[in-house]
Structure formats: structure tokens, C-alpha cells
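See structure below.
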Amino acid sequence: MKVLCVAEKNSIAKAVAEHMSGGRVAAENTGNRYIKNYKFNFDFGQPWGRCNVTMTCVSGHLTELTFPSEYNADWKYPAPDRLFNAPVSVSIPEGNRTIASNIEQEARHSQALFIWTDCDLEGEHIGGEIREVARKANSRIEVKRARFSNIERAHILAAARRPTALDDKQVEAVNARLELDLRIGFAFTRFLTNNLRSLGGPLSSMVLSYGSCQFPTLGFVVDRYFRVKNFVPEPFWGIKVAHERENQNVTFSWARGHLFDRASVIILFERCLVAKMAKVTKVQEKPTSKWKPLPLTTLEFQKNATRFLRMTGAEAMSVAEGLYQKGFISYPRTETDRFDKGMNLRALCEKQTPDTRWGSFAQNLVNGAFQQPRQGRHDDKAHPPIHPITYAAPSVLNANEQRVYEFVARRFLACCSEDAKGMATDIEITYGDEIFGAHGVIVLERNYLDVYPYENWTGTTMLPKFTLGEQFEPTEAMMTEGKTSPPSYLTEADLLALMDANGIGTDATMAEHIKKILDRKYVFTHQRGGARGLTEFIPSALGCALIEGFDRMNFETSLGKPFLRKEMELKMKAICNGRTTKQAVLQESLTQYRQVYDQSQEQLGVLRAVRKPHIPRNGMGLELTETNHHRQACRQYVFPGQN
DNA sequence: GCAAGGTC
């Protein structure tokens, strides 16, 4: 019997073929340079038994969804809203023909198709695409699906011997998303472009796109911009107590922090002065540690790259992609922050010993300092955390590759070493009726910090000796005054965190959405505090106008808000659970968006007017006042760390 | 000329 196995990408096909064949595998070229057919024998057990196996792959999605050509000639006719119910068809784009024909050819001589795509929703859908192509060539082919969550040998062999069925509900859930993104994206892009180009100026040649991810991304930037712009500082007051001892000035901070009522602070402060003597009510010395970082996910990788490597998320991803293709690092698109127990991490540490910069640290881990990495709470059940595979000497990498590789390698070694250790001293005093505290830390063992220069432990102050119960008169006691300061503009790391918390995009696409709103001139970047500062995102007048315009027009559903994407995700889940169907979701969502479209058309004036005064200003330096809608909308999304 | 999602 002959079995055709198809994975989502070559790296999985290759790894699975290695495991199943025990290394006795022949790799054959296909009509596509990225795709190989791996041929070997494997005993599946009952009922297939010993089989001739071809293991091959696709390269992500195989098909595309398109409108008929008569809808594409002119963006004005047929009117964009016709795209809400125009026919759509599934086809194989030119670039994927060779991949499809490889599957067809192999399927003709196979009795079974065994699908090995990633075990996530998109992977299930790709499995569905593969099944269609295979069935077209061989209508009687038996179709099975492998369930696997990592590519460890034993796990893969178990999955190979326990074929399951493709989950059609998951396939349908993705079909619903695909169709909605296409219809709504195209319809609103054409609507915006048609109607705002006529305002003239730089707009007349621009494409004004709408997308269910790019608009919420823009919404975050605009939201923060208005928070900064409309910030009103509030004065506050506090009490500072300091005491000099052993030539060291120890500052005690007030347990209440600060209060916004000056009179209350005056009263509390006067009680301190009247008491005159402060009393030591707690002296605590205890070991403390600074935790080593978690195994590296794509999101963390991008956030760190924008902070420490001075690259954009999109640049960092493209460099990581190259390092992956050359075999230096593992697959760079992963949500997993825990290593599988079965992985030989010590062997990976050993690979790093040749390096002149971190080699001796790696050697020390191999010699016994190795510690199992922390286990995060995320697992995409498809890919391990990003880690170095083989050693890459600086001479074989270009400048950006060197920096990314160094970060990935150091991060991995940090994960495999020990937390930094220190001793914390906490002193609490009572002064009047108020409590004040001083905190000091001395670092005893740097451990992972030695290999991970991106972090430091700054609290290296040792406090002088204070004894429980002792009384002293502080050398300084004063009332302080300050005011609240505005938030800063979003950095790329902030933006990525917001997108993640609100489910906008995936690990593989978040950086692209950010790049998209830059390319569209909806936002621009600016270096905080000069050329070497952090990059921050500020909306253009156009970006503000688009978000503000939709906020003002649509009372029920504003296109700039991220919960629409959340809704889509919930609906996809409901399709998977069988609580609804693709058809029902499409109908419901399209009705909803049709309403937004109609409202937008009726109130086109709002969108155009909000833009009008600012055209001469070259798209920048916009002064808009905060609207009521905007103020209400501010807290309608999830902040990173919430929940 | 237009989406978001895979992937190279």
C-alpha cells in the first residue's frame, strides 16, 4: 500500500520523514524548488500495515478566494457594496500550480492521504485545501489527519500510528474568516478610496485601505495620541523622609505614595514633625532573586528586537526567517514559551561553546550549571520556543543576522542557566502615624545576567544597619509636590503588546500590520528624545481622521475598535463547537457591516469634513479636539497584562 | 490598486 503524507511546510515534512524512516529516506526534487518528496517505508500498524510513503508539503495556504473579473476592472462600478454579496470562487493561484500538481501526481498512485499540517485552525484549513486537490486526482483516496503538538521522535511516531479525521468545522470556521476579511476589506477599501480621493491634494493618488487588523492597529496609535494630547496634569503631594547613617543617605518612601489633597498631607506631615522621633518597626533581610527570562516566543522576540536591536518588528522577523532557512535557528513563528520535556537542551547549549563571547558561559552550563528553563503558560501545540539550532560564527552572517543570532543564542543560554540571586533588605519605620519604607538589594550571584546583557539588576544598594525598635530623629523630613505626567506615545513594543492582548493579527502577521499602516501614511514614527531614542508611533492627520470619522458616525459598530476582531474569533470558536455555522456567521456579520457601510455613506460628510481643515498641513501636526465618542471608547479594549 | 492568513 502507498500513503501520501503532506505537511504545511518543508521543515515539518523533513523532520517527520526523518523520524518515521529512522533516517533511511530518499529526498526527491519536485517542480517547486522549496518542496521535496521524501520517500521511505513505514509500518503504520493496523489497518494500513507496512507502506511505501511519500512525505511532501505545501507552502502555507494552497488556494485563494477571489471575485469574478467583472468586479475588479473599476472600483466604482459595480459599487463597492456589491462585494458584500458578489460571488466568490476558490482557485489555485499561478504560483502554487507546481505544488498542487505534485500532490495530484502522488495522490493518483496512493490509497491514503495523511495530512500533517500544523494543529491550529489555519492548519486544519490548509489540510482541507490539500484534501480537495488530492481528491480531484483520486476520488477514492482515504483521508486521515495526524494530531501532533511537537516534533519529538516518540510523539511523531505515536501520531503516525493514530490517524484521526480532518475537522470540517474548523475548516469552515476559517472559510468564514477568509470570506469576511475579503468582502469587508475590499468593500471598505474601495469605498474610502473612491470617496476621499476627490478631496484632492496628496489624497488624490493614495489607496485608503481598510482591514480588520490594520484599522484596530491604527486605532491604538490614535487612541494613545489623544490620551497624550488631552492629558491634564494633576498636582499631588507627598512626604519624604531621609536619614543619614554611616555616611549614607537613606531615603524612606511614604507608604501612601502621594495624595491629591494638599490639606490632608499638611496635617499628616505635621503629625510626623510633632512626633519628632521615628521608630524602626520592621527590619527584614531575605534572599531574593531576579528570574531568568522565559523561552522566546515570536511576540517577545519582536518586542525585544525593537528595544535592544534597534530594528522594526518586520525587519527582525525577516532576518530571523533567513536564519531559520539557513538552519541556524528554529522556526521563528511560535507562541510557545515552554520547552518540551523530551528536548535535549544540554546538547543545544554545547553547540554554543565555540563562541568567543558566550562560549565559556555555555561550557559552564554543559559542565553542570545547566538548569531546566522556566515553563511559560503558552503553547501553540505546533512549534517550540525560538532557539539556536547550530552554531553560526560571525563570519558567516551579515551585521543584522549577527545581532539577531546573538540575541537568540544569549536568550537561550539565559533560559538554561540560573536566576540571579541577591539579598533584599527592607526597613520600615513609623513616624507620627505614618509608615515609611526603605528597600535595598545587593546582587550576590549574577548567573544568567552574565550572558544576557539586555537586562540588568539595578538595585545594588546596601542599606546601613537599623535595629528593630530603635528610635531616631530623621535628618530630613519634607513635604514634596509633584504632578501627574502624560503617558508617552506608543512604541512598537507597546503596539505589539496591545495587538496581542486584543487578538489583532497573529504572531506571523502583527509586524506586517504595523508596516502596513506606515506604508499607507496613516501613522509615522518619531525618535523619542532625538536620533538615538526609542521609536514611537504618532498618527498622521489622515490616520486620526479615519478613526475619528468612523467613531463619530457609527454608534453601534466603529471600525476602528478592536472588539470586532474579537467577535470574529468568538464566532469562529462557535463554528468549531457546532453552536453555529459558517452560513449563519456570514449572514449575521455581513448584515452588521452592511449597516456600517450604509451609515458611512449617509454620513460621508462627517468623514470628509473631519479631514478638510487639515489638508494644507501636509498630513501632520493635526489639532483635533476629543469627541465624546472617543472619550467613551478609550477603555473599550484590553490593556496588556489585564486578565 | 484592495484583506488576512499561511509560507520561501
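All chains are named by letter (A, B, ...) in the order of the sequence lines, taking the proteins before the strands, and each is independently numbered beginning at 1.
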Query raised in the report: Checking side chain to side chain contact (heavy atoms under 4.5 Å, CB included) against Leu496(A), which of Glu300(A), His513(A), Met510(A) comes through?
Result: Met510(A)
**Report entry** Near-strand residues of residues 320-327 of chain A, defined as heavy-atom separation under 4.0 angstrom from DNA chain B
**Finding:** Glu321(A), Tyr324(A), Gln325(A)
Answer with base, sugar-phosphate or nothing: what part of the nucleic acid does [X] contact at a heavy-atom distance below 4.0 Å?
X         : answer
Leu178(A) : base
Tyr210(A) : sugar-phosphate
His125(A) : nothing

Query raised in the report: If you look only at pairs with a residue in residues 183-216 of chain A, which of them pass as a ring pair (Phe, Tyr, Trp, His ring centres under 6.0 Å), with sequence neighbours excluded?
Result: Phe67(A)-Phe186(A), Phe188(A)-Tyr210(A), Phe188(A)-Tyr597(A), Phe191(A)-Tyr597(A), Tyr210(A)-Phe215(A), Phe215(A)-Phe550(A)
Report task. Please find the earliest and latest nucleotides of DNA chain B, in the 5' to 3' direction, that have an atom within less than 4.0 Å of any heavy atom of chain A. Result -> dG1(B) to dC8(B)
Query raised in the report: Can you name the side-chain contact (heavy atoms from CB on, under 4.5 Å) partners of Ser205(A), sequence neighbours left out?
Result: none
Report task. Name all residues meeting the side-chain contact (heavy atoms from CB on, under 4.5 Å) criterion together with Asp337(A); count only those two or more places apart in sequence or in a different chain, and write none if there are none. Result ->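 Once residues adjacent in sequence are excluded, the partners of Asp337(A) under the side-chain contact (heavy atoms from CB on, under 4.5 Å) criterion are Leu294(A), Thr297(A), His378(A).
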Query raised in the report: Are side-chain heavy atoms of Ile538(A) and Val523(A) found at a separation under 4.5 Å?
Result: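 Result no, sub-4.5 Å side-chain heavy-atom pair not found.
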Requested in this report: Could you label the plane-to-plane angle of the Phe412(A) and Phe339(A) rings as parallel, tilted or perpendicular, counting under 30° as parallel and over 60° as perpendicular?
Outcome: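 Perpendicular.
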Query raised in the report: Among all residues two or more places apart in sequence or in another chain, which pass the side-chain hydrogen bond (donor to acceptor under 3.5 Å, both in side chains) test with Thr56(A)?
Result: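 By the side-chain hydrogen bond (donor to acceptor under 3.5 Å, both in side chains) rule, Thr56(A) matches Asn37(A), Asn102(A).
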Report task. Check whether the side chains of Tyr324(A) and Ser11(A) place a donor and an acceptor atom closer than 3.5 Å, and report yes or no. Result -> yes
